[in-house]
Amino acid sequence: VATAGSLPMAAQEAYAVFTEANSTLTFYYDNLRSTRPGTSYDMPTKGATPGWAGTDYALQKKIKHAVFDGSFADYRPTFTSYWFYRCVNLQDIKDIRNLNTENVINMRSMFQNCQSLESLDLANFNTANVTDMHWMFYNCSSLTSLNLTSFNTANVTDMAVMFYNCSSLESLNLTNFNTANVTDMSGMFDNCSSLESLNLTNFNTANVNSMFGMFGGCSSLTSLDLTNFNTANVTAMPGMFYQCRS
């Protein structure tokens with residue numbers, strides 16, 4: 001007869017649990033999944049849209065808060081694309097420092113349409129292996145504070161519509177961005193209508209082929225220094241400064 005002490009322990013696994021009572025999605029990495037009340041979700045594989053997120057056909061309206069439990073710090077995802085996709089009522093993300101992104105290669109649409117988020121501090125993010133940031137903050141229209149000062153973008157190739165319609169951002173510090181491998185910047189700042197200044201003097205655009213609508217709708221910009229831009233390989237510039245009326 002096996003004693004309780006000799007029974008095998010359940011393996012650790014990464015998962016998320018939504019608790020409807022407090023509208024909170026919590027991320028865990030442990031062996032306690034069966035004990036946690038609420039709706040449980042597996043981690044998505046290879047960039048698939050997670051079960052807790054919205055879809056192309058339906059908004060995710062139930063999630064208002066997200067929490068990364070301390071246990072999640074031991075998990076190493078390789079994709080965080082679409083993790084908060086169309087979570088239109090998400091107001092805050094607590095302890096995001098417990099999300100270790102050192103192995104992540106794709107962050108496409110990670111916060112797309114998180115239109116209720118007002119502040120996002122990603123100073124802990126390790127993005128050294130990320131290649132795709134397409135649509136990452138698309139339509140985060142309530143963001144007034146976005147900290148990307150630790151971002152290593154040396155391997156990123158796609159920044160298209162990255163900040164599209166971040167219409168409440170008045171400033172954005174991208175002085176640490178390395179864009180040497182970026183090929184697509186189309187719509188990157190499109191409709192960032194509150195941006196009053198933008199320092200891109202460190203941008204290396206030698207490999208960029210599209211700047212379609214890059215600054216379209218940046219109606220509050222009063223100056224923009226692009227003297228360092230290398231546009232030798234750019235084939236598309238329509239609407240690049242559309243409605244930059246200030």
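Position 1 is the first residue of the sequence, and the numbers go up from there.
Rounding to the nearest 0.5 Å gives a distance of 9.5 Å between CG of Asn103 and CD1 of Ile105. Taking OH of Tyr29 as the start and CD of Gln12 as the end, the distance is 5.0 Å to the nearest 0.5 Å. To the nearest 0.5 Å, atom CG of residue Asp184 and atom OG1 of residue Thr157 are 9.0 Å apart. Here the CE-SG distance, from Met188 to Cys218, works out to 11.0 Å after rounding to the nearest 0.5 Å. Remark: Leu32 CG to Ser71 OG distance equals 8.0 Å, nearest 0.5 Å. Here the OG atom belonging to Ser186 is positioned 11.0 Å from the CE atom belonging to Met240, to the nearest 0.5 angstrom.
Under a 4.0 Å N-O distance rule, the pair Asp158/Arg108 qualifies as a salt bridge. One finds a salt bridge joining Asp30 and Arg36 here, because a Lys/Arg side-chain nitrogen approaches an Asp/Glu carboxylate oxygen to under 4.0 Å. We find that Asp42 and Arg33 are joined by a salt bridge, their nearest charged nitrogen and carboxylate oxygen being less than 4.0 Å apart.
Of the possible donor and acceptor atoms, none in the side chain of Asn106 sits under 3.5 Å from a partner among the backbone N and O of Thr78. Under a 3.5 Å cut-off, the side chain of Asp95 and the backbone N or O of Arg97 do not form any donor-acceptor pair. Judged purely by atom type and a 3.5 angstrom limit, Thr19 has no side-chain atom pairing as donor or acceptor with the backbone of Ala21. Gln115 places no side-chain N or O within 3.5 Å of a backbone atom of Leu117 that could act as its donor or acceptor partner. Looking only at distances, a side-chain donor or acceptor of Thr127 sits under 3.5 Å from a matching main-chain atom of Asn152. Asn173 contributes a side-chain N or O that, together with a main-chain N or O of Thr175, makes up a donor-acceptor pair within less than 3.5 Å. In this structure, Arg76 contributes its side chain and Glu102 its backbone to no donor-acceptor pair below 3.5 Å. A donor-acceptor pair is defined here as one N or O able to donate and one able to accept, closer than 3.5 Å; such a pair exists between the side chain of Ser150 and the backbone of Ala123. Between the Asn113 side chain and the Val88 main chain, no donor and acceptor come within less than 3.5 Å of each other. Checked by atom type and distance alone, the side chain of Thr101 never pairs as donor or acceptor with a backbone atom of Val104 at under 3.5 Å.
With hydrogens and angles left out, the side-chain atoms of Asn191 and Ser193 include no donor and acceptor closer than 3.5 Å. Counted by atom type alone, Asn209 and Asn233 present zero donor-acceptor pairs between their side chains at under 3.5 Å.
Under the 4.5 Å side-chain contact rule for hydrophobic residues, Met136 and Phe189 share a cluster. Hydrophobic clustering (side-chain heavy atoms under 4.5 Å, transitive across Ile, Leu, Val, Met, Phe, Trp, Tyr) keeps Tyr85 apart from Tyr164. Met237 is connected to Met159 through a chain of hydrophobic side-chain contacts under 4.5 Å among Ile, Leu, Val, Met, Phe, Trp and Tyr, so both are in one cluster. Transitive grouping of hydrophobic side chains (ILVMFWY, heavy atoms separated by less than 4.5 Å) brings Phe151 and Ile96 into a common cluster. The same ILVMFWY cluster, assembled from side-chain heavy atoms under 4.5 Å apart, contains both Leu224 and Leu174.
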Candidate pair Leu146 and Leu172, rule side chain to side chain contact (heavy atoms under 4.5 Å, CB included), full reasoning:
CA-CA 7 Å; Leu146 181 60; Leu172 188 59; 4.0 Å; yes
Stepwise, does the side chain to side chain contact (heavy atoms under 4.5 Å, CB included) test hold for Leu99 with Phe125?
CA-CA 8 Å; Leu99 171 57; Phe125 268 30; 3.8 Å; yes
Show your reasoning for whether side chain to side chain contact (heavy atoms under 4.5 Å, CB included) applies to Val208 and Thr183.
CA-CA 4 Å; Val208 176; Thr183 60; over 6 Å; no
Given side chain to side chain contact (heavy atoms under 4.5 Å, CB included), test Leu120 with Leu143 step by step and report yes or no.
CA-CA 8 Å; Leu120 198 52; Leu143 272 182; 4.0 Å; yes
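Applying the side-chain contact (heavy atoms from CB on, under 4.5 Å) test between Phe27 and each of Tyr75, Tyr15, Trp83 identifies Trp83 as the sole match. When each of Phe111, Phe137, Tyr138, Trp52 is checked for a ring pair (Phe, Tyr, Trp, His ring centres under 6.0 Å) with Phe84, only Phe111 meets the rule.
Across all their heavy atoms, Ala58 and Arg86 have their closest contact at N-NH1, 4.0 Å. Contact detail for Lys62 and Ser23: the closest heavy-atom pair is O-CB, 3.5 Å. Taking each heavy atom of Asn100 and Pro77 in turn, the nearest pair found is O-CD, 3.4 Å. Here the closest heavy-atom approach between residue Ile63 and residue His65 is recorded as CG2-O, 3.6 Å.
For the pair Leu90 and Ser116, the minimum side-chain heavy-atom distance is 4.5 Å or more. Taking the side chain as every heavy atom from C-beta outward, Thr153 and Met133 approach each other to under 4.5 Å. At least one side-chain heavy atom of Ser167 sits under 4.5 Å from a side-chain heavy atom of Ser141. Between Ser81 and Ser109, every side-chain heavy-atom pair lies at or beyond the 4.5 Å cut-off. Looking at heavy atoms from C-beta onward, Pro50 lies in side-chain contact with Tyr82 at the 4.5 angstrom threshold. For the pair Leu195 and Ser220, the minimum side-chain heavy-atom distance is 4.5 Å or more.
For Phe212, the CZ atom sits in a loose shell: 12 or fewer heavy atoms of surrounding residues, nucleotides or ligands are nearer than 6.0 Å. Other residues, nucleotides and ligands contribute at most 12 non-hydrogen atoms within 6.0 Å of the CD atom of Glu20.
Classification of the Phe163-Phe177 ring pair by plane angle, with boundaries at 30° and 60°, yields tilted. Ring geometry for Phe241 versus Phe215: interplanar angle under 30°, hence parallel rather than tilted (30 to 60°).
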